[in-house]
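Reckoned from all heavy atoms, side chains included, excluding hydrogens, waters and symmetry mates.
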Amino acid sequence: RHEIAGEVTEVGSKVTKVKPGDKVGVGCLVGACHSCENCTADLENHCPQVIQTYNSIDVDGTMTYGGYSDHMVARERYIVRFPENMPLDAGAPLLCAGITVYSPMKYYGLSEPGMHIAVVGLGGLGHVAVKFAKAFGARVTVVSTSPKKEEEALKRLGADSFLVSTNMDQLKVKLIVPPNLRDLFQLQMKRGQNVV
């Protein structure tokens with residue numbers, strides 16, 4: 001439905017970012033009003049008139065079908081050009097799982113080298129989070145309920161350590177919360193929610 005990757009076949013006369021033949025991707029948004037408070041703050045995903053890649057009504061009144069389409073038209077603002085050597089199937093997951101973990105890591109300052117980051121859960125998002133954290137130069141600990149994922153975390157993804165969340169002896173560690181995350185951490189704990 002989303003995470004759409006393909007090749008540009010045509011461009012409009014005002015398009016400057018891509019050209020026919022370029023490898024591109026489109027994430028989960030294809031439009032917004034571009035004038036509300038959220039849009040002017042580059043937060044189109046919170047726009048009251050957001051147009052999703054699939055199952056939304058586009059500005060021309062047609063339904064958006066996203067990845068179910070044989071082809072699609074997208075505004076240049078919502079297109080990401082992939083490097084020529086990146087396979088489309090490798091780039092597509094970056095448009096959903098990738099941005100889902102990359103954005104908060106950047107926003108909360110977790111992209112600085114030398115950080116120690118714990119990734120809780122080694123599913124789709126967890127895999128990508130480990131890869132980004134390692135690329136940022138962080139020391140990475142994976143926390144999982146499944147001991148069977150240890151080899152994958154350490155050998156395949158390059159995590160530095162692995163903890164089984166049901167093993168209380170492994171979880172006896174001193175928790176250090178960076179100042180920029182303390183409010184978020186305390187709010188989540190008050191709500192009885194997990195902190196990721």
Might you confirm whether atom CZ of R139 has over 12 heavy atoms from other residues, nucleotides or ligands at distances under 6.0 Å? no
V11 vs P20 side-chain heavy atoms within contact, under 4.5 Å: yes
Does a side-chain heavy-atom distance below 4.5 Å link V73 with E10? no
Heavy-atom distance under 4.5 Å between the side chains of D58 and M72, does that happen here? no
Could you tell me whether the side chain of K23 reaches within less than 4.5 Å of the side chain of L88, counting heavy atoms only? yes
Kindly indicate whether the side chain of D22, heavy atoms from C-beta on, has any atom under 4.5 Å from the side chain of E7. no
Side chain to side chain donor-acceptor pair (under 3.5 Å) with E150: which residues, sequence neighbours excluded? none
Any chance NZ of K131 has more than 12 other-residue heavy atoms, nucleotides or ligands included, within less than 6.0 Å? no
Any side-chain donor-acceptor pair under 3.5 Å between T141 and S161? yes
Restricting to ring-ring contact (aromatic ring centres under 6.0 Å, His included), what partner residues turn up for H116, sequence neighbours left out? none
Listed partners of T62 passing side chain to side chain donor-acceptor pair (under 3.5 Å), at least two apart: D60
Might you work through the side-chain contact (heavy atoms from CB on, under 4.5 Å) test for Q52 and V50, ending with a clear yes or no? CA-CA 6 Å; Q52 301 287 335; V50 69; 3.8 Å; yes
Would you please test R81 and V8 for side-chain contact (heavy atoms from CB on, under 4.5 Å) and show each step? CA-CA 10 Å; R81 188 165 50 89; V8 176; over 6 Å; no
Donor-acceptor pair, distance only, cut-off 3.5 Å: does the side chain of K17 make one with the backbone of I79? yes
Between SG of C47 and CG of L29, what distance do you get to the nearest 0.5 Å? 9.5 Å
Here the pair of heavy atoms bringing S165 nearest to T145 is OG-CG2, 3.3 Å
Write down the atom of C96, the atom of E3, and the distance for their closest heavy-atom approach. CB-OE2, 2.9 Å
Closest approach of G98 to F132 (non-hydrogen atoms, all atoms of both residues): O-CE1, 3.4 Å
Validation row: E151, R156 side chains within 4.5 angstrom (heavy atoms): no
What pair of heavy atoms forms the shortest contact from I4 to G67, and how long is it? CD1-N, 3.3 Å
Would V30 and T53 count as a side-chain contact (heavy atoms from CB on, under 4.5 Å) here? Give the steps. CA-CA 5 Å; V30 291; T53 304; 3.8 Å; yes
Report yes or no: does S111 contribute a side-chain atom to a donor-acceptor pair with the main-chain N or O of F136 at less than 3.5 Å? no
V15-V59 co-clustered via ILVMFWY side chain contacts under 4.5 Å: yes
Same apolar cluster: Y78 and F82, side chain cutoff 4.5 Å: no
Which heavy-atom pair separates A118 from V143 by the least distance, and what is that distance? CB-CG2, 4.5 Å
Answer with yes or no whether the hydrophobic clustering places Y107 together with L43; edges join I, L, V, M, F, W, Y residues whose side-chain heavy atoms lie under 4.5 Å apart. no
From C28 atom SG to I51 atom CD1, the distance as rounded to the nearest 0.5 Å: 13.0 Å
For the atom pair OG1 (T100) and CG (L125), what is the distance rounded to the nearest 0.5 Å? 6.0 Å
To the nearest 0.5 Å, how far apart are CZ in R77 and NE2 in H34? 5.0 Å
Under a 4.5 Å side-chain heavy-atom rule over Ile, Leu, Val, Met, Phe, Trp and Tyr, are Y108 and V128 clustered together? yes
Rounded to the nearest 0.5 angstrom, the CG-CG distance for D160 and L154 is 8.5 Å
Start with the C-alpha gap between H127 and L122, add the side-chain angles, then the distance that decides, and say whether side-chain contact (heavy atoms from CB on, under 4.5 Å) holds. CA-CA 6 Å; H127 280 81; L122 198 59; 4.0 Å; yes
Heavy-atom distance under 4.5 Å between the side chains of E152 and V142, does that happen here? no
M63 vs N55 side-chain heavy atoms within contact, under 4.5 Å: yes
Got a sec: does the OH of Y102 have more than 12 other heavy atoms crowding it under 6.0 Å? no
